[in-house]
There are 2 protein chains.
Amino acid sequence: MTKSPPRTRIQVRNRAAILEAALEVFAARGFRGATLDRIAQAAGLSKPNLLYYFRSKEALHLAILEDLLELWLAPLREMDADGEPREQILGYVRRKLEMSRDHPRESRLFANEILQGAPRARPVLEGELKVLVDEKAAVIAAWSESGRIGPVDPYHLIFSIWALTQHYADFEVQVRAIMGKTDPYPGAEAWLDHLFGAALGISHKTT
Amino acid sequence: MTKSPPRTRIQVRNRAAILEAALEVFAARGFRGATLDRIAQAAGLSKPNLLYYFRSKEALHLAILEDLLELWLAPLREMDADGEPREQILGYVRRKLEMSRDHPRESRLFANEILQGAPRARPVLEGELKVLVDEKAAVIAAWSESGRIGPVDPYHLIFSIWALTQHYADFEVQVRAIMGKTDPYPGAEAWLDHLFGAALGISHKTT
DNA sequence: CATCGATTTGACCGCCCGGTAAAATTCACG
DNA sequence: CGTGAATTTTACCGGGCGGTCAAATCGATG
């Protein structure tokens, strides 16, 4: 699974530059819309030079997916079964929203991949992602059954968090078209806090 | 704005077949990923024949966007300022979820377009969509200020509804990867009802 | 500074794509 | 059933794409 580590410092530098450039281009244009020429140019290399580091467009895309997976799953991973339930869930919401704000390209890369039917990421979805979600859903279900939070459907709760937070990254142009230049994230954070707080049966500020 | 109506019945039939095929292909592969050959084949025509009806790929895509716009906005349009606020908002949620269930291709078509930065749809977003959203946000804000629903941010409320309902269509493969063969929609409807009901300050069933 | 592997380049290939042109065919109508 | 317009087909073009290859260049090591 783990790659044989690139030895030379040139390899380290160029691989990093390529992955960064590929993230930019794949996120903005999707797999089919991205071209190796464009990625190579963004990385400051020629196309054959890029192919010296990654054997094909597909291999490059797979490398990115693997490279980003842990970053992507981290916010959910951090949810602690031994923590205070409401705090843990709202903390997850907050971290995931920060992920959209600070890593919108990564969000759009995954969004593109999944929208197209996840032709390359499906194994990851059905494997690592499903395992993690099943585990955390069980945690949430236990919290719910013990009455520490209200009755919730853990899977749909998790989908909700994904949908809401990623929306601000994936559909940013639409949000901006409607909100103008206003930064949506402060309002989004307050709203998501309110929304999930209420849904979990919280006692929150009422006007 | 309105098209000069295609006169002959052949035109009517073929234009419809092309739009249907193009919806299928654009939704599944995005604008760049779609090819005229594939669309033509799905419509049962040759590529030059398709180009006899639509002057270019771009023109075809624009025609679809225009064709689908009213369908797409209808659920929000139906929200009635004179209705009972909670009922109106939850009704909107329900209609929008039904839209995802019954028209997932349309949802993915728009998702693709917006993800890529809405190069063709931006005028619509900043025009017709923004006007409609501003109008309905004002209605919701009035409801909120009059105390008929709890304090909400109308824009983020609307974004939430879009994000949550469209998620089930746009990221269907991911939902299925995690939920397996279970139909997600019944659970989604119950959950969204609970979620928004709670956020609006509803008195709902508690176990 | 010589050597040999690592890296980079330029030239190229076959394929597919969006689009065009013009001939061929089909269709509606008198 | 003939005729002119509407429709469809065949052949094609220029460009861009992913990918290959062999030659050139670079760079670490002794």
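Each chain gets a letter, A, B and so on, in the order the sequences are listed, and its residues count up from 1. Hydrogens, waters and symmetry mates play no part in the numbers below; they use all other heavy atoms, side chains included.
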Given dG18(C), dG19(D), dT7(C), which nucleotide is nearest the side-chain atoms of Leu36(B)? dG18(C)
Using modelled atom types only, decide if a donor and an acceptor are shared between the side chain of Lys57(B) and the backbone of Phe31(B) within a distance under 3.5 Å. yes
Rounded to the Å, how far apart are Phe31(A) CZ and dC17(D) C1'? 12 Å
Selected nucleotide, minimal atom distance to Thr35(A) side chain, candidates dG18(D), dT20(C), dT9(D): dG18(D)
Separation of dC16(C) atom C1' from Arg32(B) atom CZ, nearest Å, is 17 Å
Under 4.0 Å between a side-chain N/O of Tyr53(A) and OP1 or OP2 of dT8(C), yes or no? yes
State whether the distance check finds a donor on one side and an acceptor on the other, under 3.5 Å, for side chain Lys47(A) versus base dG18(D). yes
Check this for me: Gln41(B), atom CD, are more than 12 non-hydrogen atoms of other residues, nucleotides or ligands nearer than 6.0 Å? no
If you compare every side-chain N and O of Gln11(A) against the phosphate oxygens of dT7(C) (OP1, OP2), does one of them come in below 4.0 Å? yes
Can you check the Arg38(A) CZ to dC17(D) P distance for me, whole Å? 8 Å
Nearest-Å distance for atom pair CG/C1', residues Asp37(B) and dC12(D): 14 Å
Pick the closest DNA chain D nucleotide for Arg13(B) and for Arg55(A) by heavy atoms, then say which residue is nearer the 5' end. Arg13(B)
Side-chain N,O (Thr8(A)) to OP1/OP2 (dT7(C)) below 4.0 Å: yes
For dT7(C), does OP1 or OP2 lie under 4.0 Å from any side-chain N or O of Asn49(A)? no
NA contact type, Ala40(A), heavy-atom cut-off 4.0 Å: base, sugar-phosphate, or nothing? nothing
For a quick check of understanding: with a heavy-atom distance under 4.0 Å over all strands, which category does Ala59(A) fall into, base, sugar-phosphate or nothing? nothing
Between Lys57(A) (NZ) and dC17(D) (C1'), how many Å, whole number? 8 Å
Any Arg9(A) side-chain N or O less than 4.0 Å from OP1/OP2 of dA28(D): yes
Is it true that, when you exclude Arg38(A) itself, more than 12 heavy atoms of the residues, nucleotides or ligands shown sit nearer than 6.0 Å to its CZ? no
Whole-Å gap separating C1' (dT26(C)) and CG (Asn14(B)): 13 Å
Counting only heavy atoms not in Glu20(B), do more than 12 fall under 6.0 Å of its CD? yes
Looking only at heavy atoms, the pair that brings Arg29(B) and Gln116(A) closest together is CA-OE1, 3.1 Å
Leu51(A) CG - dT8(C) P separation (whole Å): 13 Å
In whole angstrom, give the distance that lies between atom CZ of Phe26(B) and atom P of dC17(C). 13 Å
If we count only N and O atoms by modelled type, under 3.5 Å, do the side chains of Asp82(B) and Gln88(B) hold a donor and an acceptor together? no
May I ask you to evaluate whether Ser46(A) reaches the phosphate of dT9(C), defined as a side-chain N or O under 4.0 Å from OP1 or OP2? yes
Under 4.0 Å from OP1 or OP2 of dT8(D): is there any side-chain N or O of Tyr52(B) that close? no
Ranking dG10(C), dG27(D), dG18(D) by distance to the side chain of Pro48(A), first place goes to dG10(C)
